Asks: 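What follows is a single structure, and I will ask about it in a moment.
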There are 2 protein chains.
Amino acid sequence: MSKSIEVKRQIISKCLEVFRKDGYYNTGIKKLAEACEIKQSLFYYYFESKEHLLEEILKAVHGYFARKVFNLAYQEEKSVHQRLEEMVEITREVFMRAEGGCIMANTVLEMVQEQPQFIPVIRGFFDDWIAANAHLLKERYVEKVAIEKAEQAVQDVEGGIMLMRLYNDPKYFFKALERGRRLLD
Amino acid sequence: MSKSIEVKRQIISKCLEVFRKDGYYNTGIKKLAEACEIKQSLFYYYFESKEHLLEEILKAVHGYFARKVFNLAYQEEKSVHQRLEEMVEITREVFMRAEGGCIMANTVLEMVQEQPQFIPVIRGFFDDWIAANAHLLKERYVEKVAIEKAEQAVQDVEGGIMLMRLYNDPKYFFKALERGRRLLD
DNA sequence: GTCTATATGCGGATAGAC
DNA sequence: GTCTATCCGCATATAGAC
């Protein structure tokens, strides 16, 4: 892999951390450059604008979740119980490592109204998350109910992440995961 | 009531709408002044700073919910079923009128990390909301379970508001309310 | 109380050398 | 690819007249 591509990947990774923690509008190019240990102007070699940078970050996050999390739901060689168990566990690990919660939800609440160009990628992320949950739940429930419970599980987790940040206590997030884990019991 | 107090109330009300819809950091004093139809400099007669303005807005919202929503849980002359029914209905009306979702949750995700001074007022809001729910649920469940279900209901609603904004579809929010309504069935 | 005018710094973004 | 230097506008906030 060329150095240029690798540098770009690292910029995306580091800027994801900063945006997730501090928010998009409250983060200037200067802060991003310091976090990445590069000069400000170099951003405009790798990205057209700050908005395009965010868009690439969101797409990278969607890809990461698709590969590492949502994918687990479709490993048909394993039991649905085991697949659900693994999805819950990986979801827990990913969000516990991610200071600042969920960049997708943060972006919805911070800027969807003013910057609708991010809606498609964020919807794609949640569509896939809900579909992965529903795929497992169809084993036990009719499709309509499976989808409803899949949506509810996502709502519960995202609400739990919000309360986790507010109270600085992971119990809200953990309980949401636990309720998700029990959906096939 | 003096004119000054009334003007201040109107500024708070209008700026709440703008912040909730567009976010805090993406809203400048200029935009607020235009929405309120006053000159920029007048903000600094009524408020010390933009941050103090937001703090007063959050306190006003907490007061509004305490009087109009949370209070309903403690009207002991009514049945718990009726009180829950009324709380759900008023919650529905309030958030359906509120373009931009919940300013409390928005503020948590946008700025709690960088601006911890807002944590106490936002925690006060959610503490009271959860306590009001739990007060009704104690009729049927032991305290520990009542609190857990009260927290879950709030998570569910807040996650639903996020998905409602993302998909521009109130069904996620409505279903969360419906699940809350059924907690005493 | 409300206004006009302004200070000062930071925002995103670009030009052009190396 | 990476750098230095810089443009321009908007941000928050203040001074002081009326």
Side-chain angles (χ1 to χ4, degrees), chain A residues 1-58 103 106-107 110-118, chain B residues 1-58 103 106-107 110-118:
Chain A
M1 186 174 294
S2 79
K3 186 192 170 199
S4 175
I5 300 280
E6 181 54 25
V7 167
K8 186 168 178 173
R9 278 169 44 91
Q10 296 225 1
I11 293 175
I12 287 174
S13 171
K14 181 57 77 176
C15 292
L16 162 61
E17 290 178 30
V18 180
F19 280 145
R20 199 176 47 210
K21 196 163 72 66
D22 295 348
Y24 176 81
Y25 290 117
N26 188 39
T27 299
I29 305 289
K30 186 183 173 187
K31 194 200 283 181
L32 295 173
E34 283 164 4
C36 296
E37 296 177 286
I38 60 174
K39 299 291 171 183
Q40 289 193 39
S41 58
L42 205 51
F43 279 104
Y44 297 92
Y45 174 78
Y46 287 105
F47 306 94
E48 277 186 47
S49 66
K50 191 186 166 192
E51 286 182 17
H52 283 83
L53 166 61
L54 177 62
E55 187 152 1
E56 293 211 42
I57 288 171
L58 295 178
I103 184 88
N106 297 355
T107 304
E110 187 178 3
M111 52 195 311
V112 142
Q113 217 102 12
E114 288 264 291
Q115 304 286 349
Q117 72 265 39
F118 300 114
Chain B
M1 189 176 290
S2 80
K3 187 191 169 199
S4 174
I5 300 280
E6 181 53 25
V7 168
K8 186 167 179 175
R9 278 170 45 92
Q10 296 226 0
I11 292 175
I12 287 174
S13 171
K14 181 58 75 176
C15 293
L16 162 62
E17 289 177 30
V18 181
F19 279 145
R20 198 176 49 209
K21 195 163 72 67
D22 294 347
Y24 176 81
Y25 291 117
N26 187 39
T27 299
I29 304 289
K30 186 182 173 187
K31 195 200 283 180
L32 295 173
E34 282 164 5
C36 296
E37 296 177 287
I38 60 174
K39 298 292 171 181
Q40 290 193 40
S41 58
L42 205 51
F43 278 103
Y44 297 92
Y45 174 78
Y46 287 104
F47 306 94
E48 276 186 46
S49 67
K50 191 185 165 192
E51 286 182 17
H52 283 82
L53 165 62
L54 177 61
E55 187 152 0
E56 293 211 42
I57 288 171
L58 295 178
I103 183 89
N106 297 355
T107 304
E110 188 178 2
M111 52 193 313
V112 141
Q113 217 104 10
E114 289 264 289
Q115 304 287 349
Q117 71 266 38
F118 300 115

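Hydrogens, waters and symmetry mates play no part in the numbers below; they use all other heavy atoms, side chains included. Convention: sequence-line order gives letters A, B, ...; per-chain numbering from 1. Please read these numbers as outputs of a predicted model, since none were measured by experiment.
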Asks: Roughly how far, to the nearest 0.5 Å, is CD1 of A:I12 from CD of A:E56?
Replies: 5.0 Å
Asks: Can you name the residues that form a side-chain hydrogen bond (donor to acceptor under 3.5 Å, both in side chains) with A:S41, not counting sequence neighbours?
Replies: none
Asks: So, using side-chain hydrogen bond (donor to acceptor under 3.5 Å, both in side chains) as the criterion, who are the partners of B:S13 when residues are at least two apart?
Replies: none
Asks: Mind checking what makes side-chain hydrogen bond (donor to acceptor under 3.5 Å, both in side chains) contact with B:E34, not counting sequence neighbours?
Replies: none
Asks: Can you list everything that forms a side-chain hydrogen bond (donor to acceptor under 3.5 Å, both in side chains) with A:K30? Sequence neighbours excluded, please.
Replies: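 A:K30 satisfies side-chain hydrogen bond (donor to acceptor under 3.5 Å, both in side chains) with no other residue.
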Asks: What residues, two or more places apart in sequence or in another chain, satisfy side chain to side chain contact (heavy atoms under 4.5 Å, CB included) together with A:V18?
Replies: A:D22, A:T27, A:K31, A:L32, A:A35
Asks: Got a second to check how far B:H52's NE2 is from B:I57's CD1, nearest 0.5 Å?
Replies: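 Reported to 0.5 Å precision, the distance equals 13.0 Å.
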Asks: Walk me through it: do B:L16 and B:R20 pass the test side-chain contact (heavy atoms from CB on, under 4.5 Å)?
Replies: CA-CA 6 Å; B:L16 162 62; B:R20 198 176 49 209; 3.9 Å; yes
Asks: Axis-to-axis angle across the helix from C:dG1-D:dC18 to C:dC18-D:dG1, five pairs an end, to 10 degrees?
Replies: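 End axes: 0° apart.
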Asks: Which is the 5'-most and which the 3'-most nucleotide of DNA chain C that has an atom under 4.0 Å from a heavy atom of chain B?
Replies: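 Using the under 4.0 Å cut-off, the span is C:dG1 to C:dT4.
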Asks: Contacts to DNA chain C from residues 26-54 of chain B, heavy-atom cutoff under 4.0 Å, which residues?
Replies: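 Correct list: B:K39, B:S41, B:L42, B:Y45, B:Y46.
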Asks: Does anything in residues 36-55 of chain A form a salt bridge (Lys or Arg N to Asp or Glu O under 4.0 Å)? List the pairs, not counting sequence neighbours.
Replies: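 Found A:E55-A:K59.
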Asks: Show me the pairs that pass ring-ring contact (aromatic ring centres under 6.0 Å, His included) and involve residues 19-51 of chain B, at least two apart or across chains.
Replies: B:F19-B:Y24
